[in-house]
Every structure is written in structure tokens, then in C-alpha cells.
Amino acid sequence: MSEDIFKKLVAHSKEYGFVFQSSEIYDGLGAVYDYGQNGVELKNNIKKYWWDSMVMLHENVVGLDSAIFMHPTIWKASGHVDAFNDPLIDNKDSKKRYRADVLIEEALAKIEAKMEKEVEKAKKRFGDAFDETQFRATNPRVLANQEKWDALHKRFADALNDNNLEELKQIIIDNDVACPMSGTKNWTDVRQFNLMFATEMGSTADGALKVFLRPETAQGIFVNYMNVQKTGRMKLPFGIAQIGKAFRNEIVARQFIFRMREFEQMEMQFFVKPGTELDWFEKWKETRMSWHQSLGFGAENYRFHEHEKLAHYANAAVDVEYRFPFGFKEVEGIHSRTDFDLSQHQEYSGKKIQYYDPEEGKSYVPYVVETSIGVDRMFLQVMAASYCEEEMIDGKGQKDTRVVLRLPAQLAPVKMAVMPLVKKDGLPEKARAIIDELKFDFKCQYDEKDSIGKRYRRMDAIGTPFCVTVDHQTLEDNTVTLRHRDTMKQDRVEISKLYGIMAEAVSMKSLFAKLK
RNA sequence: GCGGGAGUAGCUCAGUUGAUAGAGCAUUAGCCUUCCAAGCUAAGGGUCGCGGGUUUGAAUCCCGUCUCCCGCUCCA
């Protein structure tokens, strides 16, 4: 696997109708992609694999589909409004980008350091007789610095409060803040990057409510916790699963569909009794890894990545990473989110969000273990794992390459192609009759154009696991050639057996059976 | 936002010193009737990313602009 393979994968995705650049005829829209006729099938199958593994296989996990628009206060409570508004500034010489607020905080820290130095010096000079409080209150140099610090701090706080970006830049210039890399003070303007997209709800501009497009689906689950728990008579521990779109205004969004501005998440929030969360965290870690590995792409291509730094709401966090052509990258995150979110919503909404535990005889706010996986990343992962260029020798002894998507049959967009060996003598009609039998259960495709070998290769390229070929013998004995994608082996089978063979190969059951 | 690279047919690309826009593959129709791709015949398809300038004449030279890709900053 290499960068080169990745480029081919991107081209392949477009050429065979999996992924298109959004708004392509208008020169495209950055970091937004559309799923084509094959992409949407694959994506739907991935979602089904996830959804059923959660909701069908766990009797204490139920589904939800909450709206993308939510009350704006939700994002205050969750911390998204405050935590993800970074004022950024670039140094034109070093080409490095910094957070303007961090640069100013560093300037403040420098002044503090100066004062500390004075105090240290004085301490040494006066020995035991040293009165630090008095020194700080009287020493002219300390006072001067303190004054400077206070002034800067106030200016900084005001600028942040007013969201005054020009002022932030001016503060940096006035305080001679230099770039640590280049040492120069050649700065660009300060620009604000907001994580969340905002829009207005309501018909008139002045009466409109500013609402956000959700940056994660999780909050829709948290705010519905009581609804689901009560109406579903759910007992701890239990989970709520949701698949849905989320939106993040990424500063730099690249790497194809790996990081997009509009993307889809599959999240499950598992509510547990406080104190048991780390056990459940371990349990879900294992369950989720098993879900990934059951697809058969090789255990060596997955690993856990433990988070060193934890987010403000978490007490444990781990990523499931897959070996992409461009390195190990996160596909799924598993987080122990404590009771942070529910407590925040309890506080901001003023509504009690608790669980009455009959064993304990009291109510408490449940703890949450989250599993969160990106559908698009999973899609890319499946494509990367399946894409294969095979060297082979053709019938004439010539070297040849075959491009094949070795998709798990359960996920393949098209399950079976049915084709007449030649397009006459009633063979096309026979082929269509077979499709008419099977199309209610399996996505089938008909193809009569070009040589049979060429048609097989076209199907390989979109990962179709089976090709059925109708020939003259079919008309006599109702048998067809069944050709297998991965081995290219052919079997002669009766038409009446096709349903059973397909059902066996394509049902998610065989994947679920492997799950731990 | 900065730096680098790139935009010509659906795809991959050629296009000389500035003079009627090219190939292969793909597509469509027909021929062939073939069990592992690229046989034969024909056809369709392009304001050469966009705008301006120089010129008798611009895909080509100049200026501007947009988009995409790579790197940096960010990533709950």
C-alpha cells in the first residue's frame, strides 16, 4: 500500500460511480463529496451492518433518529460554542499558524516569569527576613510589570469578549510578539475559524433564531435520554444508537472523504451505573474491534490508539485505527464520557436527567460510554482494504492486470450480474427471467455488451461477488455458469440453486456469527 | 491563509517557433458470437478552468481570477 495506490483508489471511486466531487460542474465545493450509484449501495450496506449489529444483536440497545437542528443552548451546554472558536494568525515568514489567544497568553506568561525572577532574586538577597507579599506590593519593577500584565490581560479579555479580531492582532503587534520559528513579527490578520455551521430559523431576519448544524450526533441522543428511557422502560445499562449527518467547518479538510465538512456518523451512547463505566469501556472496546475484524481484512491492519490527552468530558478514550495507504488513521473512537453531558444538560435545561436505581434506592446521573464511527471513513477503509490489482497471465500467455474490489459479499453494491453469453437465440430473455426471480432479494445487474471476459472484469471493478452466465445449454437443462469474483473459478449450477447460494453468501448473518 | 504543483473529450494524456483541436481507452449504432478485458466499421463528444490584454492570428505569450491536489496550522 502506498500513496500511489491511494490516488488510484480515488480515481477508481470516481470512474466506477462510488464517489464524486460535490458540485463538480461548478468547479467543485471543498471537502464535500457525493456518493454515486455504487457508492450509495456500499454505504447503505455498511450502515446496515453497523445498525443491525447494535440494535438487533443487543436487546438493551435501541435506535433513534434525532433532528439535525437542535436548540442552540444544547451547544452551549455541550461546550461546543466556547471550545471551538479559535482565532488564528499566520506568520508570513515561517508560514506557521498559531492561535492568536495562545500567543498572547504566552506574552502574559513572559511577564509573569519576569516578576517571579525579581521575587526569586529578592528572596536570595533577604533570606529568611523576606516578606513576599510586601515585596510584591512595593517593589517598583514588580509593580511596573504587574501593571503591564493587568493592562494586557484586560485588553486581551475585552478583545476576546467582543470577538474583536483586529484588536487581537494589534495586541500582538503592540507587545512585540515574535514567531518562535522565524523570530519575525510579520503577521497576517487574525481570522476566526468556527467549528459549527450556523443558519437561521424563522421567516424574518430580526425574529430569527440562530441555530447550528450539529457537529456530532451524540447530543441528540443525550437530550432524548429521558424520552427513550421512560417510553422504552429501559433499565441501566442500556444504549441508544443513531446514524446521521454531522457538519464541521474544518480549517483544512483533505484526504478525500477521510475528512469532510459534511459527513455521517454512527454513534451509540451506552448509559451505565457510575463506577462501572471503565468495565463497560473495556467491553465495548473489544466488541467494536471484533466488529471491524469480522470483515476479514486482516487483524494486523488494526490497532488501538490510546489517548494521552483526554477531552474535558472523558476519563478514558481510545481510537480504533486502520492501516490506510497513507498510514494508520482513526476510524472509530470509544470514549468514556462520564456524566459530563447529561449533567450539563440537566443544569442548562433545569430538567432532572437521572435514573432511579431500585437496588441502590436512589437516583443518579448515569455515566456514558460512547462508540462513534465515521461512516465515510469506514467506507474509505473498506475500499482501501478491498482494492486490489492482480498480475496475471491471460490465455495467450500475455501479462495482464485485473483490478478487483474484494469487498465482503455482504457489503458489495451489486450482488450478482446475469449475462447472456451471446445476445441472441433467446439467451437475453432467459437471463432477464433469472433476474426477475432474484431481484426482490438481491441487487442484480444485467449486461450483454462486449465479450464475456470484459463483462467479468467490469463486475470485478465494482466488487460484484457473483456472475451468472446463460449459454445455450441453459435453455436445455436450466443450468448456468456461476463465476466467483475472487478465485475466478466457475461452477455449473442449477438456476433453482442460485437463491440459496446467494442468500448464504450475502446475508449479514455470517458476519454476525463471528462477532464476540 | 501561505508555499508548491496542476487544470485540453467521460478517463489518461499529446499538442512543435503563436496559424483549421489530436491519440488511446470509454460511449452509441452495426458487424462478429466468443466463458476471463482492450477484433472490424461508423458516429457522437471540446468556447483548451474563467476574464482581460498583446497580436492579422492565442490552448500556446502577458496580467488577473477561480478550482483541485500536496505541505504547514487545527482535529472533541
Side-chain angles (χ1 to χ4, degrees), chain A residues 3 6-8 10-12 14-17 20-31 78-80 83-84 86 88-100 102 181 186-191 193 195-196 215-216 218-219 246 248-256 258-259 307 309-314 317 319 326 329-330 333 335 337 340-341 370 372 390 392-396 398 400-404 419-425 427 448-461 467-473 480-485 487-490 492:
Chain A
E3 292 282 342
F6 181 62
K7 275 186 186 148
K8 283 183 183 170
V10 173
H12 191 88
K14 186 190 172 187
E15 188 177 354
Y16 290 95
F20 304 126
Q21 164 75 198
S22 162
S23 316
E24 201 182 7
I25 62 170
Y26 289 101
D27 287 330
L29 186 63
S78 70
H80 285 81
F84 300 102
D86 300 336
L88 300 180
I89 190 167
D90 292 336
N91 182 273
K92 289 178 183 168
D93 299 309
S94 65
K95 313 294 177 203
K96 291 287 170 188
R97 171 168 292 169
Y98 301 94
R99 278 176 53 175
V102 170
M181 290 288 286
N186 190 8
W187 298 105
T188 62
D189 287 342
V190 175
R191 292 176 315 279
F193 287 93
L195 169 93
M196 292 191 288
E216 64 173 18
Q219 299 303 326
R248 295 181 191 182
N249 196 7
E250 300 283 354
I251 299 166
V252 172
R254 268 202 275 258
Q255 217 64 285
F256 194 42
F258 189 80
R259 180 166 293 124
H307 283 216
K309 268 196 274 176
L310 295 174
H312 57 283
Y313 53 68
D319 293 338
F326 44 90
K329 293 282 178 188
E330 175 189 353
H335 301 246
R337 289 181 80 134
F340 176 83
D341 298 279
E370 165 190 272
S372 173
E390 286 181 354
M392 50 196 303
I393 306 296
D394 69 13
K396 297 169 194 134
Q398 299 281 311
D400 192 15
T401 41
R402 179 173 84 121
V403 174
V404 52
M419 23 206 162
L421 188 59
V422 296
K423 57 178 169 189
K424 61 174 187 184
D425 302 337
L427 267 43
E448 62 176 25
K449 172 86 177 148
D450 296 313
S451 73
I452 193 70
K454 211 165 176 178
R455 283 178 270 169
Y456 286 154
R457 296 300 178 83
R458 272 203 288 266
M459 285 300 135
D460 290 341
C467 290
V468 164
T469 303
V470 173
D471 55 23
H472 291 91
Q473 191 190 331
V480 290
T481 303
L482 182 68
R483 181 260 194 188
H484 301 264
R485 178 194 66 201
T487 58
M488 306 202 310
K489 292 248 168 64
Q490 305 187 149
R492 194 76 196 177

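Side chains included, hydrogens not; waters and symmetry mates left out as well; all remaining heavy atoms used. Letters go in sequence order (proteins before strands), and every chain restarts at 1. Fair warning: this is a prediction, and the values are worked out from it, not measured in the lab.
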Can you tell me, in whole Å, how much space there is between the [atom1] of [N] and that of [M]?
{"N": "B:G3", "M": "B:A19", "atom1": "C1'", "result": "38 Å"}
{"N": "B:A59", "M": "B:U47", "atom1": "C1'", "result": "11 Å"}
{"N": "B:C40", "M": "B:G45", "atom1": "P", "result": "23 Å"}
{"N": "B:C25", "M": "B:G44", "atom1": "C1'", "result": "16 Å"}
{"N": "B:U67", "M": "B:C50", "atom1": "C1'", "result": "10 Å"}
{"N": "B:A9", "M": "B:U54", "atom1": "C1'", "result": "30 Å"}
{"N": "B:U20", "M": "B:U60", "atom1": "P", "result": "13 Å"}
{"N": "B:C69", "M": "B:C62", "atom1": "P", "result": "26 Å"}

Touch class at under 4.0 angstrom, heavy-atom based, for A:Arg402 against every strand present: nothing
Sugar-phosphate, base or nothing in reach of A:Leu421, heavy atoms under 4.0 Å: base
Which one is paired to [N], where only Watson-Crick or G-U wobble pairs with both distances under 3.5 angstrom count?
{"N": "B:G24", "value": "B:C11"}
{"N": "B:U73", "value": "none"}
{"N": "B:U55", "value": "none"}
{"N": "B:U67", "value": "B:A6"}
{"N": "B:A37", "value": "none"}

Full working for side chain to side chain contact (heavy atoms under 4.5 Å, CB included) between A:Val422 and A:His472: CA-CA 9 Å; A:Val422 296; A:His472 291 91; 4.0 Å; yes
What pairs with [X] under salt bridge (Lys or Arg N to Asp or Glu O under 4.0 Å), at least two apart in sequence or on another chain?
{"X": "A:Asp471", "result": "A:Arg492"}
{"X": "A:Arg402", "result": "A:Glu390, A:Asp460"}
{"X": "A:Asp341", "result": "A:Arg337"}
{"X": "A:Arg458", "result": "A:Asp447, A:Asp450"}

Counterpart residues, ring-ring contact (aromatic ring centres under 6.0 Å, His included), relative to A:His484 (two or more places apart): A:Phe466
Base of [N] paired with side chain of [X] (donor-acceptor, under 3.5 Å):
{"X": "A:Arg259", "N": "B:C75", "answer": "yes"}
{"X": "A:Asp471", "N": "B:C35", "answer": "yes"}
{"X": "A:Arg483", "N": "B:C36", "answer": "yes"}
{"X": "A:Gln490", "N": "B:C36", "answer": "yes"}

Main-chain N/O of A:Glu216 paired with A:Arg248 side-chain donor or acceptor, under 3.5 Å: no
Which residue lies more 5' along RNA chain B, comparing A:Lys424 with A:Glu15 via nearest heavy atoms: A:Glu15
Polar-atom pairs under 3.5 Å, protein N or O versus N or O of nucleotides 25-28 of chain B: list them with distances, or write none.
unit_1, atom_1, unit_2, atom_2, d
B:A26, OP1, A:Lys454, NZ, 2.9

Given B:C35, B:C36, B:U33, the nucleotide with the shortest approach to the side chain of A:Arg457: B:C36
Stepwise side chain to side chain contact (heavy atoms under 4.5 Å, CB included) test for A:Cys467 and A:Met419: CA-CA 8 Å; A:Cys467 290; A:Met419 23 206 162; 3.6 Å; yes
What N/O pairs connect the protein and nucleotides 41-44 of chain B at under 3.5 Å? Give each pair on its own line.
none

Any side-chain heavy-atom pair of A:Lys454 and A:Lys449 under 4.5 Å: no
Partner residues of A:Lys14 under the side-chain hydrogen bond (donor to acceptor under 3.5 Å, both in side chains) criterion, sequence neighbours left out: A:Glu24
